[in-house]
Amino acid sequence: MDALETFRQEVREWLEANCPESQRKPASREEQVWAGRNQTFPSADAKLWFERMRDKGWTVPDWPKEYGGGGLNDAEAKILKDEMKRLGCRTPLLDIGIWMLGPALLEYGNEAQKQEHIPKIARGEIRWCQGYSEPGAGSDLASLQCKAEDKGDHFLVNGTKIWTTNADKSDWIFCLVRTDPNVKKQEGISFLLIDMESEGVSASPIELISGESEFCQTFFDNVKVPKENLVGELNKGWSVAKALLKHERKLMSEQETPAGTQITPVQAALDYVGTDANGKVANAALRDQLVRHEMKYRALGLTHFRSFEEKMSGAGEGNIPMIMKYVGTECTKEREETLIAMLGTQGLGWEGEGFNQDETLATRGWLFSKALSIAGGSSEVQLNIIAKRVLGLPD
Amino acid sequence: MPLVLNEEQRLLKDTAKEFLGSSAPVEALRKLRDEKNEIGYDKALWQQMAELGWAGIVLPEDYDGLDFGFMGLGAIIEESGRTLTASPLFSTVVLGASAILLGGSDEQKQSLLPSVASGEKTLTLAVDEYAHHNPAAIALSAKAQGENFVLTGKKVCVVDGHTADHIVVAARTSGTTGSTDGISLFIVDGDAEGLTRTRRWMADSRAVAELNFDKVSGQLLGELDKGWDILDPVLDRGRICLAAEMLGGTQEIFKRTVDYLKEREQFGVKIGSFQALKHRAAHMFTEIELAKSVVLDAFTAIDEGRADLGQMASFAKATVNDLYYLVSNEAVQMHGGIGVTDELEIGFFLKRSRMAIQLLGDSGFHRDRYASLSGY
C-alpha cells in the first residue's frame, strides 16, 4: 500500500471515530458553525466536531502547520475532502478568512501579519468579511473611492463598501482602499485589514429578493487604522486583490445549492411531475430540460476532477480554473431553475402553511442563486477575462 | 478514472497529429469529393495507417493487435476529426472489429481479426433502416436455412458499406419491431449473392451506402436472438469514438475561428475586439472544456469495463452533438461572407458535423436514453 493509501485509511478511521453521528448530514443554516470572537455553537456535537478538527489543524487542512494548519499536501487534502464527503461530514468551520483572506495573507502578508492573523483564522477566533465593491464600483472594481489617507502613524479611512457579506456579524474586514487618487486607477489601491470594533465603522444589512439579508453596506467615518495593517506594499493592493479574487472565484465555482435544499431536481421530477408507464418523467419537455441540466451538472463535476488530475500530473493546459467561476455559477443557477421547474407551484411558496422546508428553501435558493453570477466578478467579466487571457483576443 | 492522457497516449496523439496533418489534411477530402471517388477514401493511406498499428490498436495481441486501449484509439480519432480524414478506421476497427471481438467465436475472431490488424480486410456494421438511428426498430429478417441463415430487407447509411469486405448485420430473428429481444447479428460477405450495395452521396463527402438484402446468406455471430447484448456495447463504443472525432473537429474550427477574429479587421479594428464576438467565443471555449472531460471519462468507461458505459456513451454523444452544432454554426457566422464559400474549409466541418450528429443517434435520442438509463 502506498503512502497515500495509508493516509486515506488513517483519515477514514479517524473520521469514523471522531465525527459525531449528528454531524454526518448536511447542515441547515441554523446548524452551521461560523468563526467569531463570541463564537456560539448550535449544539454540543457541533462544538465537539469543530474542536476535534481544529486540534488536528483540519479546519484549514492545507495551510502550514506553523500557523495552525494541517500541513497537508494537495493530494492529502483531496483525500481528506473525499473521505469527509464519503461519510457526509459537515464542514467544521465556516469563515471567509479561511476561503479567501488566509491564502492571500500566506502569499502577500509579512511574518508579523501571518503570526497575528492566520492562527486565529485556523482556530475560528475571528470572523472576517470582505470590503471590495462600492455603490459606484461593481464590475469596474478598480474605480473604487473609499479612501485611506496617510496620517503619519495611521491611515484615516473614509467611504463605504457594499455587498459586504455578513459584515454585521463579523469582527474584522479586509478592504481595498484608495491611497493615491492621482495615478492610473489600479495603481493607487492598497489592501487594509480593519477591526470592525474601531470607532467610526458601522454596517447595515440589505434585504435581497430572497428575503434574506446576508449582504450589508459598511460605512467608514474617520476610522483610524494602524499602519501595520497594510498588506503588501502601499498602492500595490490590486495584485493582492486579484490573487484573492482567484480564491473567491474558485470557491464560488464549487458552491453547491446555496440554501441547502435536500431534494435533487431528479427526485423533484419523479415526485412532483410523476412518471408514465415506462417510468419516464411524464412531461417530455420537463424531462428534456432535466436531462440537459443533469448532463451539464455532471460535466462540471468531471471537469473539476480533470482540473485536479491535470494539476497533479502536470499535463494539460491549465486553463480550467479560468472558466470555473463562469460555468460553476451558471450551472448552479440552472440547477435552481430546474429544481423549481420540477416542483411547479410548490417551488414558489414563500412562507407559512402548505409548503415543506425543502420547497420554501428551493424558492429562496433560486432567488439567492441570481447573485452568484454577479458577485465576485460577473459572468460577463469572466467571459472578458477568458477572451483576453485564454483566447488572446485583442482589447 | 483517469481524465488526462498518459505519456504513451500523448505521444500517440502527437504522432497522429503529425501524420494526419501532412498525409490526410482537409484538402485530401476535397480531392476525394471533387474526383467523385467511388470508394470514399484513399486505400494507400489506409495501408499506411495500418502500418502505424492503428488498425489493430485495440485488438488483443492474440489477433496481432497492440491491445493499447480505446483511450489511445480515441486520441487518434480526435486528431482525424481535426483533419476530416476519410478512412475505414471507424467502420472497420471501432464498429466491425468490436462486434467480432465481443460476439465472435474463437474461429470467427481468428479468421477475421488478424486481417483487420494488418489492414488487409475492412469491416462495417449495418444497423439502421430509416432516416433516424433507432437500433431497436430493426426489421430486416433472418431465417434459418440449413446451417446458415438468409437475410432479407434493407439497411441505410452503412458507413463504408459499399466497400467493406465483411459486414456485421443486425437482423430480427424473433419478436416485434421495437423490441430489443429477438435481434441477432450475422456476418455477411461483401460480395455475397443477393446483396446490392449502392454508395449514397452525402453532404459531408464521406462514404455511406444503402444495402439491399435479397435472401443473402449470413453466418450467425454470437447467440441467436441475443444480439442486443453485443450490439448495444458495440454501438456505445461507436458513439464514444464518434464523439472523439466530433470533439476534434470542434476544436479545429474553434481554433481557426479565434485566429480569424484576431486577424480580420472591420471599422478599423480587429473584429476580435468586439465584445459581442468575444463573449460568444469565450462561452464556446467553456463548452469545449466541459465536453473534453465527458469524452475522456467515456473512454475510461470503455477501457475499465464500467457498468455505466451506456450512460456515458449517451452523455458524450449528446454533449458533443450539441457542441459541434453550436461551434460549426458560429464558425460560419464569425467568418462572415467567406464562411459560406466552398473555398474555405469551414464548410466541410459544418457538413460533417451534421452527418456525425445523425450517425448513431442525435441528441434527442441520447438524452432520452440517458434519462431512461438514469431512472427517470
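Each chain gets a letter, A, B and so on, in the order the sequences are listed, and its residues count up from 1. Just so it is clear, the values below take in all heavy atoms, side chains as well, and ignore hydrogens, waters and symmetry mates.
Side-chain contact between B:His283 and A:Ser379 is absent, with no heavy-atom pair separated by less than 4.5 Å. The shortest distance between side-chain heavy atoms of A:Leu383 and B:Lys278 does not fall below 4.5 Å. Inter-residue side-chain proximity for A:Met295 and B:Arg367 is flagged as met; some heavy-atom pair is nearer than 4.5 Å. A heavy-atom distance below 4.5 Å is found between the side chains of B:Glu289 and A:Arg306. Residues B:Asp368 and A:Lys280 have side chains in contact (heavy-atom distance under 4.5 Å, counting atoms from C-beta outward).
Heavy-atom pairs under 4.5 Å with chain A were tallied for B:Thr286, B:Leu5, B:Val258, B:Val294; the largest tally goes to B:Thr286. The choice from A:Ile386, A:Ile323, A:Thr303 that makes the most heavy-atom pairs within less than 4.5 Å of chain B is A:Thr303. Chain A forms more heavy-atom pairs under 4.5 Å with one residue of B:Lys270, B:Glu287, B:Arg10 than with any other, namely B:Glu287. Your options are A:Leu300, A:Asn319, A:Val281, A:Ile320, and the one with the most heavy-atom pairs under 4.5 Å with chain B is A:Val281. Of the listed residues A:Gly301, A:Pro394, A:Ala387, the one with more heavy-atom pairs under 4.5 angstrom with chain B than any other is A:Pro394.
Residue B:Phe274 does not touch chain A at all, counting heavy-atom pairs closer than 4.5 Å. For B:Ser314, the part sitting under 4.5 Å from any heavy atom of chain A is the backbone (N, CA, C, O) and nothing else. Interface residue B:Phe285: only side-chain heavy atoms are found under 4.5 Å from chain A. When heavy atoms are compared at a cutoff of 4.5 Å, A:Gln382 does not approach chain B at all. For chain A, the nearby part of B:Gln311 is the side chain; its heavy atoms alone come within less than 4.5 Å. Both the backbone and the side chain of A:Asn384 come within less than 4.5 Å of a heavy atom in chain B. Residue A:Val273 does not touch chain B at all, counting heavy-atom pairs closer than 4.5 Å. Proximity to chain B (any heavy atom under 4.5 Å) is shown, for A:Thr275, by neither the backbone nor the side chain. When heavy atoms are compared at a cutoff of 4.5 Å, B:Leu277 does not approach chain A at all. Of the two parts of B:Ala291, neither the backbone nor the side chain holds a non-hydrogen atom closer than 4.5 Å to a non-hydrogen atom of chain A. Heavy atoms closer than 4.5 Å to chain B are found in the side chain of A:Glu317, but not in its backbone.
Across A:Ser313 and B:Val4, no two heavy atoms sit closer than the pair OG-CG2, 3.8 Å. The minimum heavy-atom distance between A:Ala299 and B:Ser293, with the atom names listed, is O-CB, 4.4 Å. Closest of all the heavy-atom pairs between A:Leu270 and B:Gly375 is CD2-O, 3.9 Å.
Around NZ of A:Lys311, the count of heavy atoms belonging to other residues, nucleotides or ligands within 6.0 Å does not exceed 12. Within 6.0 Å of the NZ atom in B:Lys13, the count of heavy atoms belonging to other residues, nucleotides or ligands exceeds 12. B:Lys262 NZ: more than 12 foreign heavy atoms inside a 6.0 Å radius.
Note: B:Leu290 CG to A:Leu302 CG = 9.5 Å, rounded to the nearest 0.5 Å. Between the CG atom of B:Leu3 and the NE2 atom of A:His304 there is a distance of 13.0 Å, given to the nearest 0.5 Å. Atom CD of A:Glu294 sits about 7.0 Å away from atom OH of B:Tyr370, to the nearest 0.5 Å. Once rounded to the nearest 0.5 Å, the distance linking CZ of A:Phe305 with CG of B:Asp297 reads 8.5 Å. Note: B:Ser372 OG to A:Asn278 CG = 7.5 Å, rounded to the nearest 0.5 Å. Taken from CG in A:Leu393 to CD1 in B:Ile271, the straight-line distance is 9.5 Å, to the nearest 0.5 Å.
Residues satisfying the side chain to side chain contact (heavy atoms under 4.5 Å, CB included) criterion with B:Thr250, sequence neighbours excluded, are B:Ile288, B:Leu323, B:Tyr324, B:Val327. Contacts of A:Phe355 classified as side chain to side chain contact (heavy atoms under 4.5 Å, CB included), with partners at least two apart in sequence or in another chain: A:Gln346, A:Glu359, A:Thr360.
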Could you check B:Asp308 against A:Arg298 for salt bridge (Lys or Arg N to Asp or Glu O under 4.0 Å), going step by step and ending with a plain yes or no? CA-CA 13 Å; B:Asp308 65 346; A:Arg298 190 169 174 188; 3.2 Å; yes
